[in-house]
Number of protein chains: 2
Amino acid sequence: MTTPTRRLSRTDWAAAALAAIAESGMSAVAVEPLARRLATTKGSFYWHFANREALIEAALELWEQEHTEAVIARVEREVDPRQRLRLLLTSAIILAQEDLIDAAVLAGARHPLVAPVLARVTERRVDYLAQVFRQLGFPPAQARDRGLLAYTAYLGQTQLIQAGLSAVPSHGPGMRRYVDRILGILTNP
Amino acid sequence: MTTPTRRLSRTDWAAAALAAIAESGMSAVAVEPLARRLATTKGSFYWHFANREALIEAALELWEQEHTEAVIARVEREVDPRQRLRLLLTSAIILAQEDLIDAAVLAGARHPLVAPVLARVTERRVDYLAQVFRQLGFPPAQARDRGLLAYTAYLGQTQLIQAGLSAVPSHGPGMRRYVDRILGILTNP
DNA sequence: TCCATACCGTACGCTACCGTACGGCGGTGA
DNA sequence: TCACCGCCGTACGGTAGCGTACGGTATGGA
(Lines give C-alpha, C1' and ligand atoms only; values in the text may rest on other atoms or scores of the structure.)
Protein backbone atom coordinates (compact mmCIF):
# COMPACT_ATOMS: atom_id res chain seq x y z
CA MET A 1 0.00 0.00 0.00
CA THR A 2 2.33 2.78 1.17
CA THR A 3 5.94 2.66 0.14
CA PRO A 4 8.27 0.71 2.41
CA THR A 5 10.14 3.88 3.33
CA ARG A 6 9.57 5.11 6.80
CA ARG A 7 9.48 8.72 5.63
CA LEU A 8 5.97 10.01 5.19
CA SER A 9 4.57 12.53 2.75
CA ARG A 10 1.89 15.13 3.24
CA THR A 11 -0.48 12.92 1.25
CA ASP A 12 0.17 9.93 3.51
CA TRP A 13 -1.09 11.97 6.42
CA ALA A 14 -4.10 13.23 4.50
CA ALA A 15 -5.03 9.69 3.42
CA ALA A 16 -4.69 8.42 6.97
CA ALA A 17 -6.90 11.26 8.17
CA LEU A 18 -9.53 10.43 5.57
CA ALA A 19 -9.48 6.78 6.62
CA ALA A 20 -9.87 7.87 10.24
CA ILE A 21 -12.88 10.00 9.30
CA ALA A 22 -14.47 7.04 7.55
CA GLU A 23 -13.96 4.85 10.59
CA SER A 24 -14.70 7.14 13.47
CA GLY A 25 -15.76 10.55 12.24
CA MET A 26 -14.25 14.01 12.36
CA SER A 27 -13.10 13.82 15.95
CA ALA A 28 -10.81 10.96 14.95
CA VAL A 29 -8.64 13.40 13.03
CA ALA A 30 -6.35 13.88 15.99
CA VAL A 31 -2.65 14.33 15.57
CA GLU A 32 -1.31 12.05 18.24
CA PRO A 33 -3.56 9.06 17.59
CA LEU A 34 -2.86 9.31 13.86
CA ALA A 35 0.84 9.49 14.56
CA ARG A 36 0.61 6.30 16.61
CA ARG A 37 -1.31 4.65 13.80
CA LEU A 38 1.31 5.68 11.26
CA ALA A 39 4.03 4.48 13.61
CA THR A 40 5.62 7.89 13.79
CA THR A 41 5.44 10.96 15.99
CA LYS A 42 4.06 14.48 16.00
CA GLY A 43 7.44 15.66 14.81
CA SER A 44 6.58 14.34 11.37
CA PHE A 45 3.12 15.85 11.38
CA TYR A 46 4.10 19.37 12.27
CA TRP A 47 6.72 19.32 9.60
CA HIS A 48 4.11 18.73 6.87
CA PHE A 49 1.20 20.69 8.33
CA ALA A 50 0.77 23.91 10.22
CA ASN A 51 -1.89 22.47 12.51
CA ARG A 52 -4.81 20.09 12.82
CA GLU A 53 -7.09 22.27 10.71
CA ALA A 54 -4.74 22.07 7.77
CA LEU A 55 -4.88 18.30 7.95
CA ILE A 56 -8.66 18.24 7.94
CA GLU A 57 -8.69 20.53 4.93
CA ALA A 58 -6.27 18.29 3.09
CA ALA A 59 -8.31 15.19 3.91
CA LEU A 60 -11.53 16.78 2.70
CA GLU A 61 -9.83 17.94 -0.47
CA LEU A 62 -8.77 14.36 -1.08
CA TRP A 63 -12.34 13.22 -0.52
CA GLU A 64 -13.69 15.78 -2.95
CA GLN A 65 -11.29 14.62 -5.62
CA GLU A 66 -11.55 10.87 -5.20
CA HIS A 67 -15.22 10.53 -4.38
CA THR A 68 -16.73 13.06 -6.74
CA GLU A 69 -14.48 14.26 -9.52
CA ALA A 70 -12.85 10.90 -10.09
CA VAL A 71 -16.21 9.11 -10.18
CA ILE A 72 -17.65 11.64 -12.60
CA ALA A 73 -14.60 11.34 -14.80
CA ARG A 74 -14.94 7.58 -14.89
CA VAL A 75 -18.66 7.71 -15.66
CA GLU A 76 -18.05 10.27 -18.39
CA ARG A 77 -16.16 7.63 -20.38
CA GLU A 78 -19.51 5.94 -20.96
CA VAL A 79 -21.05 7.30 -24.15
CA ASP A 80 -24.75 6.50 -23.77
CA PRO A 81 -26.34 8.79 -21.15
CA ARG A 82 -28.72 6.06 -20.06
CA GLN A 83 -25.74 3.77 -19.44
CA ARG A 84 -24.05 6.58 -17.55
CA LEU A 85 -27.03 6.88 -15.26
CA ARG A 86 -27.14 3.12 -14.74
CA LEU A 87 -23.44 3.02 -13.91
CA LEU A 88 -23.87 5.92 -11.53
CA LEU A 89 -26.73 4.24 -9.71
CA THR A 90 -25.06 0.87 -9.35
CA SER A 91 -21.79 2.31 -8.10
CA ALA A 92 -23.69 4.55 -5.70
CA ILE A 93 -25.60 1.58 -4.27
CA ILE A 94 -22.46 -0.48 -3.89
CA LEU A 95 -20.51 2.40 -2.39
CA ALA A 96 -23.29 3.20 0.05
CA GLN A 97 -22.87 -0.24 1.59
CA GLU A 98 -19.11 -0.69 1.63
CA ASP A 99 -17.71 2.75 1.82
CA LEU A 100 -18.52 4.68 4.93
CA ILE A 101 -16.72 7.89 4.12
CA ASP A 102 -19.67 9.66 2.50
CA ALA A 103 -21.85 8.98 5.52
CA ALA A 104 -19.08 10.05 7.86
CA VAL A 105 -18.64 13.38 6.08
CA LEU A 106 -22.40 13.91 6.09
CA ALA A 107 -22.31 13.28 9.82
CA GLY A 108 -19.82 16.09 10.19
CA ALA A 109 -21.93 18.50 8.15
CA ARG A 110 -22.00 21.05 10.97
CA HIS A 111 -18.22 21.22 11.26
CA PRO A 112 -17.05 24.61 9.97
CA LEU A 113 -14.40 23.06 7.74
CA VAL A 114 -16.74 20.39 6.41
CA ALA A 115 -19.76 22.53 5.62
CA PRO A 116 -18.36 24.42 2.61
CA VAL A 117 -16.80 21.32 1.07
CA LEU A 118 -19.97 19.35 1.57
CA ALA A 119 -22.03 22.11 0.01
CA ARG A 120 -19.74 22.19 -3.02
CA VAL A 121 -19.79 18.43 -3.44
CA THR A 122 -23.56 18.21 -3.08
CA GLU A 123 -24.09 20.93 -5.63
CA ARG A 124 -21.60 19.34 -7.99
CA ARG A 125 -23.21 15.91 -7.78
CA VAL A 126 -26.75 17.21 -8.22
CA ASP A 127 -25.57 19.36 -11.11
CA TYR A 128 -23.97 16.41 -12.79
CA LEU A 129 -27.07 14.27 -12.33
CA ALA A 130 -29.17 17.07 -13.78
CA GLN A 131 -26.83 17.25 -16.73
CA VAL A 132 -27.27 13.54 -17.42
CA PHE A 133 -31.04 13.95 -17.30
CA ARG A 134 -30.79 16.83 -19.74
CA GLN A 135 -28.78 14.61 -22.04
CA LEU A 136 -31.62 12.12 -21.78
CA GLY A 137 -33.88 14.78 -23.25
CA PHE A 138 -35.55 16.34 -20.23
CA PRO A 139 -35.96 20.12 -20.13
CA PRO A 140 -33.62 21.86 -17.66
CA ALA A 141 -36.09 22.42 -14.81
CA GLN A 142 -37.36 18.86 -14.92
CA ALA A 143 -33.85 17.53 -15.23
CA ARG A 144 -32.83 19.31 -12.06
CA ASP A 145 -35.89 18.02 -10.21
CA ARG A 146 -35.03 14.49 -11.19
CA GLY A 147 -31.39 14.97 -10.28
CA LEU A 148 -32.44 16.17 -6.85
CA LEU A 149 -34.83 13.26 -6.47
CA ALA A 150 -32.15 10.75 -7.41
CA TYR A 151 -29.62 12.27 -5.03
CA THR A 152 -32.14 12.43 -2.20
CA ALA A 153 -32.77 8.73 -2.68
CA TYR A 154 -29.05 8.07 -2.46
CA LEU A 155 -28.72 10.09 0.73
CA GLY A 156 -31.74 8.45 2.31
CA GLN A 157 -30.35 5.07 1.44
CA THR A 158 -26.99 5.73 3.08
CA GLN A 159 -28.76 6.98 6.18
CA LEU A 160 -30.95 3.91 6.39
CA ILE A 161 -27.84 1.76 6.26
CA GLN A 162 -26.27 3.92 8.96
CA ALA A 163 -29.33 3.27 11.08
CA GLY A 164 -28.70 -0.42 10.69
CA LEU A 165 -31.64 -1.16 8.44
CA SER A 166 -30.63 -2.02 4.94
CA ALA A 167 -33.51 -2.90 2.68
CA VAL A 168 -31.93 -2.75 -0.72
CA PRO A 169 -30.43 -5.72 -2.57
CA SER A 170 -26.76 -4.84 -2.71
CA HIS A 171 -25.61 -7.32 -5.36
CA GLY A 172 -26.57 -9.97 -7.88
CA PRO A 173 -29.65 -10.02 -10.09
CA GLY A 174 -31.75 -8.60 -7.25
CA MET A 175 -29.80 -5.38 -7.48
CA ARG A 176 -30.05 -5.34 -11.27
CA ARG A 177 -33.83 -5.54 -11.08
CA TYR A 178 -33.86 -2.90 -8.38
CA VAL A 179 -31.70 -0.52 -10.43
CA ASP A 180 -33.93 -1.07 -13.44
CA ARG A 181 -36.99 -0.20 -11.38
CA ILE A 182 -35.38 2.98 -10.11
CA LEU A 183 -34.21 3.88 -13.58
CA GLY A 184 -37.73 3.38 -14.84
CA ILE A 185 -39.19 5.68 -12.22
CA LEU A 186 -36.55 8.37 -12.69
CA THR A 187 -36.73 8.48 -16.47
CA ASN A 188 -40.47 8.04 -16.82
CA PRO A 189 -42.02 11.23 -18.25
CA MET B 1 -40.11 26.85 30.46
CA THR B 2 -38.30 25.41 33.45
CA THR B 3 -39.54 26.23 36.92
CA PRO B 4 -38.17 29.41 38.45
CA THR B 5 -36.40 27.41 41.18
CA ARG B 6 -32.69 27.18 40.84
CA ARG B 7 -32.76 23.50 41.83
CA LEU B 8 -32.55 21.26 38.81
CA SER B 9 -34.10 17.90 38.17
CA ARG B 10 -32.71 14.95 36.31
CA THR B 11 -35.02 15.81 33.41
CA ASP B 12 -33.70 19.37 33.22
CA TRP B 13 -30.25 17.96 32.59
CA ALA B 14 -31.54 15.48 30.03
CA ALA B 15 -33.42 18.19 28.17
CA ALA B 16 -30.38 20.44 28.14
CA ALA B 17 -28.29 17.58 26.82
CA LEU B 18 -30.81 16.94 24.06
CA ALA B 19 -30.75 20.60 23.11
CA ALA B 20 -26.96 20.49 23.04
CA ILE B 21 -27.06 17.47 20.74
CA ALA B 22 -29.39 19.31 18.38
CA GLU B 23 -27.08 22.30 18.30
CA SER B 24 -23.64 20.77 18.22
CA GLY B 25 -23.86 16.99 18.14
CA MET B 26 -22.97 14.24 20.53
CA SER B 27 -19.67 15.71 21.61
CA ALA B 28 -21.55 18.68 23.01
CA VAL B 29 -22.94 16.47 25.75
CA ALA B 30 -20.16 17.45 28.10
CA VAL B 31 -20.73 17.91 31.78
CA GLU B 32 -18.87 21.10 32.44
CA PRO B 33 -20.11 23.08 29.44
CA LEU B 34 -23.67 22.01 30.18
CA ALA B 35 -23.26 23.03 33.78
CA ARG B 36 -22.12 26.47 32.69
CA ARG B 37 -25.09 26.71 30.37
CA LEU B 38 -27.47 25.77 33.17
CA ALA B 39 -25.74 28.24 35.44
CA THR B 40 -24.81 25.58 37.92
CA THR B 41 -21.88 23.27 38.61
CA LYS B 42 -20.81 19.66 38.26
CA GLY B 43 -21.93 19.11 41.84
CA SER B 44 -25.50 19.17 40.61
CA PHE B 45 -24.83 16.88 37.71
CA TYR B 46 -23.10 14.12 39.63
CA TRP B 47 -25.91 14.11 42.12
CA HIS B 48 -28.46 13.22 39.43
CA PHE B 49 -26.30 11.03 37.18
CA ALA B 50 -23.60 8.46 37.67
CA ASN B 51 -21.57 9.72 34.73
CA ARG B 52 -21.66 11.22 31.26
CA GLU B 53 -22.94 8.03 29.67
CA ALA B 54 -26.00 8.02 31.86
CA LEU B 55 -26.80 11.54 30.69
CA ILE B 56 -26.51 10.57 27.04
CA GLU B 57 -28.81 7.62 27.64
CA ALA B 58 -31.37 9.82 29.33
CA ALA B 59 -31.24 12.37 26.53
CA LEU B 60 -31.73 9.73 23.87
CA GLU B 61 -34.60 8.23 25.81
CA LEU B 62 -36.20 11.65 25.83
CA TRP B 63 -35.68 11.96 22.11
CA GLU B 64 -37.23 8.55 21.49
CA GLN B 65 -40.30 9.51 23.48
CA GLU B 66 -40.85 13.02 22.22
CA HIS B 67 -39.87 12.60 18.59
CA THR B 68 -41.37 9.23 17.81
CA GLU B 69 -43.90 7.95 20.28
CA ALA B 70 -45.47 11.33 20.94
CA VAL B 71 -45.76 12.10 17.22
CA ILE B 72 -47.30 8.71 16.52
CA ALA B 73 -49.74 9.16 19.37
CA ARG B 74 -50.80 12.54 18.01
CA VAL B 75 -51.19 11.25 14.47
CA GLU B 76 -53.21 8.29 15.73
CA ARG B 77 -55.95 10.67 16.84
CA GLU B 78 -56.71 11.20 13.15
CA VAL B 79 -59.31 8.68 12.02
CA ASP B 80 -58.85 8.58 8.25
CA PRO B 81 -55.59 6.78 7.33
CA ARG B 82 -55.08 9.00 4.32
CA GLN B 83 -55.32 12.03 6.58
CA ARG B 84 -52.88 10.38 8.99
CA LEU B 85 -50.37 9.97 6.19
CA ARG B 86 -50.84 13.57 5.08
CA LEU B 87 -50.36 14.84 8.63
CA LEU B 88 -47.26 12.69 9.00
CA LEU B 89 -45.74 14.02 5.80
CA THR B 90 -46.41 17.66 6.51
CA SER B 91 -45.07 17.49 10.05
CA ALA B 92 -42.03 15.59 8.82
CA ILE B 93 -41.29 18.24 6.21
CA ILE B 94 -41.70 21.05 8.69
CA LEU B 95 -39.64 19.29 11.33
CA ALA B 96 -36.88 18.49 8.88
CA GLN B 97 -36.34 22.22 8.35
CA GLU B 98 -36.72 23.63 11.84
CA ASP B 99 -35.74 20.86 14.13
CA LEU B 100 -32.18 19.72 13.87
CA ILE B 101 -32.25 16.98 16.46
CA ASP B 102 -33.11 14.13 14.10
CA ALA B 103 -30.22 15.01 11.82
CA ALA B 104 -27.90 15.38 14.79
CA VAL B 105 -28.78 11.94 16.13
CA LEU B 106 -28.32 10.47 12.67
CA ALA B 107 -24.92 12.08 12.59
CA GLY B 108 -24.03 10.22 15.77
CA ALA B 109 -25.18 6.89 14.38
CA ARG B 110 -21.80 5.29 15.02
CA HIS B 111 -21.78 6.19 18.70
CA PRO B 112 -22.24 3.01 20.76
CA LEU B 113 -25.00 4.54 22.86
CA VAL B 114 -26.79 6.03 19.87
CA ALA B 115 -26.75 3.04 17.55
CA PRO B 116 -29.27 0.84 19.40
CA VAL B 117 -31.68 3.70 20.05
CA LEU B 118 -31.47 4.83 16.44
CA ALA B 119 -32.09 1.29 15.23
CA ARG B 120 -35.17 1.00 17.45
CA VAL B 121 -36.54 4.37 16.37
CA THR B 122 -35.97 3.69 12.68
CA GLU B 123 -37.66 0.33 12.89
CA ARG B 124 -40.54 1.81 14.83
CA ARG B 125 -41.12 4.62 12.35
CA VAL B 126 -40.93 2.40 9.30
CA ASP B 127 -43.24 -0.10 11.00
CA TYR B 128 -45.74 2.61 11.72
CA LEU B 129 -45.62 3.90 8.16
CA ALA B 130 -46.12 0.38 6.88
CA GLN B 131 -49.10 0.03 9.18
CA VAL B 132 -50.70 3.15 7.74
CA PHE B 133 -50.19 1.84 4.22
CA ARG B 134 -51.82 -1.43 5.23
CA GLN B 135 -54.76 0.52 6.55
CA LEU B 136 -54.92 2.17 3.14
CA GLY B 137 -55.49 -1.26 1.67
CA PHE B 138 -52.03 -2.34 0.51
CA PRO B 139 -50.93 -5.93 1.11
CA PRO B 140 -48.26 -6.25 3.86
CA ALA B 141 -45.18 -6.64 1.66
CA GLN B 142 -46.11 -3.69 -0.54
CA ALA B 143 -47.03 -1.66 2.50
CA ARG B 144 -43.58 -2.17 3.98
CA ASP B 145 -41.90 -1.26 0.69
CA ARG B 146 -43.83 1.97 0.56
CA GLY B 147 -43.11 2.68 4.20
CA LEU B 148 -39.42 2.25 3.54
CA LEU B 149 -39.61 4.44 0.46
CA ALA B 150 -41.37 7.20 2.34
CA TYR B 151 -38.90 7.09 5.20
CA THR B 152 -35.93 7.05 2.85
CA ALA B 153 -37.29 10.18 1.23
CA TYR B 154 -37.55 11.83 4.64
CA LEU B 155 -33.98 10.90 5.52
CA GLY B 156 -32.64 12.07 2.20
CA GLN B 157 -34.47 15.34 2.59
CA THR B 158 -33.00 16.05 6.02
CA GLN B 159 -29.54 15.25 4.69
CA LEU B 160 -29.96 17.61 1.76
CA ILE B 161 -30.89 20.35 4.17
CA GLN B 162 -27.85 19.50 6.28
CA ALA B 163 -25.74 19.89 3.16
CA GLY B 164 -27.14 23.38 2.75
CA LEU B 165 -29.26 22.68 -0.29
CA SER B 166 -32.95 22.73 0.45
CA ALA B 167 -35.16 22.21 -2.55
CA VAL B 168 -38.52 21.57 -1.00
CA PRO B 169 -41.19 24.22 -0.35
CA SER B 170 -41.40 24.29 3.42
CA HIS B 171 -44.67 26.16 3.86
CA GLY B 172 -47.72 27.68 2.24
CA PRO B 173 -49.59 26.38 -0.79
CA GLY B 174 -46.34 25.28 -2.41
CA MET B 175 -45.87 22.75 0.32
CA ARG B 176 -49.50 21.60 0.05
CA ARG B 177 -49.07 20.89 -3.64
CA TYR B 178 -45.77 19.16 -2.96
CA VAL B 179 -47.29 16.96 -0.26
CA ASP B 180 -50.15 16.08 -2.57
CA ARG B 181 -47.71 15.05 -5.28
CA ILE B 182 -45.75 12.85 -2.86
CA LEU B 183 -48.98 11.38 -1.52
CA GLY B 184 -50.04 10.59 -5.05
CA ILE B 185 -46.80 8.79 -5.83
CA LEU B 186 -46.75 6.85 -2.58
CA THR B 187 -50.36 5.69 -2.73
CA ASN B 188 -50.51 5.03 -6.45
CA PRO B 189 -50.87 1.29 -7.11
C1' DT C 1 -37.21 24.88 66.55
C1' DC C 2 -34.21 21.44 65.05
C1' DC C 3 -32.45 18.03 62.27
C1' DA C 4 -32.25 14.90 58.30
C1' DT C 5 -32.18 14.77 53.61
C1' DA C 6 -31.75 16.52 49.15
C1' DC C 7 -29.08 19.20 46.55
C1' DC C 8 -25.14 22.20 45.19
C1' DG C 9 -20.20 24.54 45.28
C1' DT C 10 -15.35 23.91 45.09
C1' DA C 11 -11.00 22.00 44.96
C1' DC C 12 -8.37 18.38 43.38
C1' DG C 13 -6.04 14.67 40.51
C1' DC C 14 -6.08 12.40 36.09
C1' DT C 15 -6.01 11.79 31.07
C1' DA C 16 -5.90 13.11 26.26
C1' DC C 17 -4.72 16.10 23.09
C1' DC C 18 -2.67 20.59 20.88
C1' DG C 19 1.17 23.15 19.69
C1' DT C 20 6.30 24.49 20.33
C1' DA C 21 11.32 24.09 20.85
C1' DC C 22 15.04 22.01 19.69
C1' DG C 23 18.29 18.43 19.09
C1' DG C 24 19.63 14.56 16.04
C1' DC C 25 20.02 11.57 12.06
C1' DG C 26 20.57 10.19 7.39
C1' DG C 27 21.05 10.94 2.64
C1' DT C 28 22.95 13.83 -1.15
C1' DG C 29 25.86 17.02 -3.69
C1' DA C 30 30.26 19.52 -3.77
C1' DT D 1 34.45 13.27 3.40
C1' DC D 2 31.94 16.92 5.00
C1' DA D 3 28.46 20.18 5.36
C1' DC D 4 23.80 21.00 4.61
C1' DC D 5 18.96 20.23 4.58
C1' DG D 6 14.83 17.62 4.86
C1' DC D 7 12.61 14.98 8.07
C1' DC D 8 11.78 12.94 12.59
C1' DG D 9 12.08 12.10 17.99
C1' DT D 10 11.36 13.92 22.43
C1' DA D 11 10.37 16.77 26.06
C1' DC D 12 7.70 20.38 27.61
C1' DG D 13 3.79 23.60 28.80
C1' DG D 14 -1.05 24.56 28.22
C1' DT D 15 -6.08 23.48 28.08
C1' DA D 16 -10.46 20.99 28.51
C1' DG D 17 -13.04 17.76 30.25
C1' DC D 18 -14.06 13.49 33.54
C1' DG D 19 -14.81 11.85 37.96
C1' DT D 20 -14.19 12.16 43.25
C1' DA D 21 -14.28 14.03 47.91
C1' DC D 22 -16.19 16.62 50.93
C1' DG D 23 -18.03 20.61 53.01
C1' DG D 24 -22.01 23.81 52.82
C1' DT D 25 -26.94 25.28 52.42
C1' DA D 26 -31.82 25.24 52.29
C1' DT D 27 -36.16 23.19 53.12
C1' DG D 28 -39.82 20.43 54.90
C1' DG D 29 -41.49 17.43 58.48
C1' DA D 30 -41.43 16.00 63.50
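Chain identifiers are assigned alphabetically (A, B, ...) following the order of the sequence lines, protein sequences preceding nucleic acid strands; residue numbering begins at 1 within each chain.
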* Can you find a heavy atom in the side chain of Gln135(A) that is under 4.5 Å from one in the side chain of Arg84(A)? -> yes
* Report which part of the nucleic acid Arg10(A) touches: base, sugar-phosphate, or nothing (heavy-atom distance under 4.0 Å, all strands). => nothing
* Asked: In whole angstroms, how far is the P atom of dG9(C) from the CG atom of Leu38(B)?
  -> 11 Å
* Does the cation-pi check pass for Arg146(A) over Phe138(A), that is, NZ or CZ under 6.0 Å from the six-membered ring centre and within 45° of its axis? -> yes
* Ion pair Arg74(A)/Glu66(A), N-O distance below 4.0 Å -> no
* Considering only heavy atoms of chain B and a distance under 4.0 Å, specify the first and last nucleotide of DNA chain D in 5' to 3' order that meet this criterion. => dG17(D) to dT20(D)
* **Within-4.5 Å side-chain heavy-atom neighbours: Arg144(A) and Leu129(A)** => no
* To do: Could you tell me the separation between the CG atom of Leu148(A) and the CG atom of Leu160(B), rounded to the nearest 0.5 Å?
  => 6.0 Å
* Give a yes-or-no answer on whether the side chains of Arg125(A) and Thr68(A) include a donor-acceptor pair shorter than 3.5 Å. => yes
* To do: Starting at the 5' end of nucleotides 3-8 of chain C, put B wherever the base has a protein heavy atom under 4.0 Å, S where only the sugar-phosphate does, and a dash everywhere else.
  => ---BBB
* Asked: Of Glu61(B), Glu69(B), Glu64(B), which meets salt bridge (charged side-chain N to carboxylate O under 4.0 Å, His left out) against Arg120(B)?
  -> Glu64(B)
* Asked: Ala22(A): what forms a side chain to side chain contact (heavy atoms under 4.5 Å, CB included) with it, not counting sequence neighbours?
  -> Ile101(A)
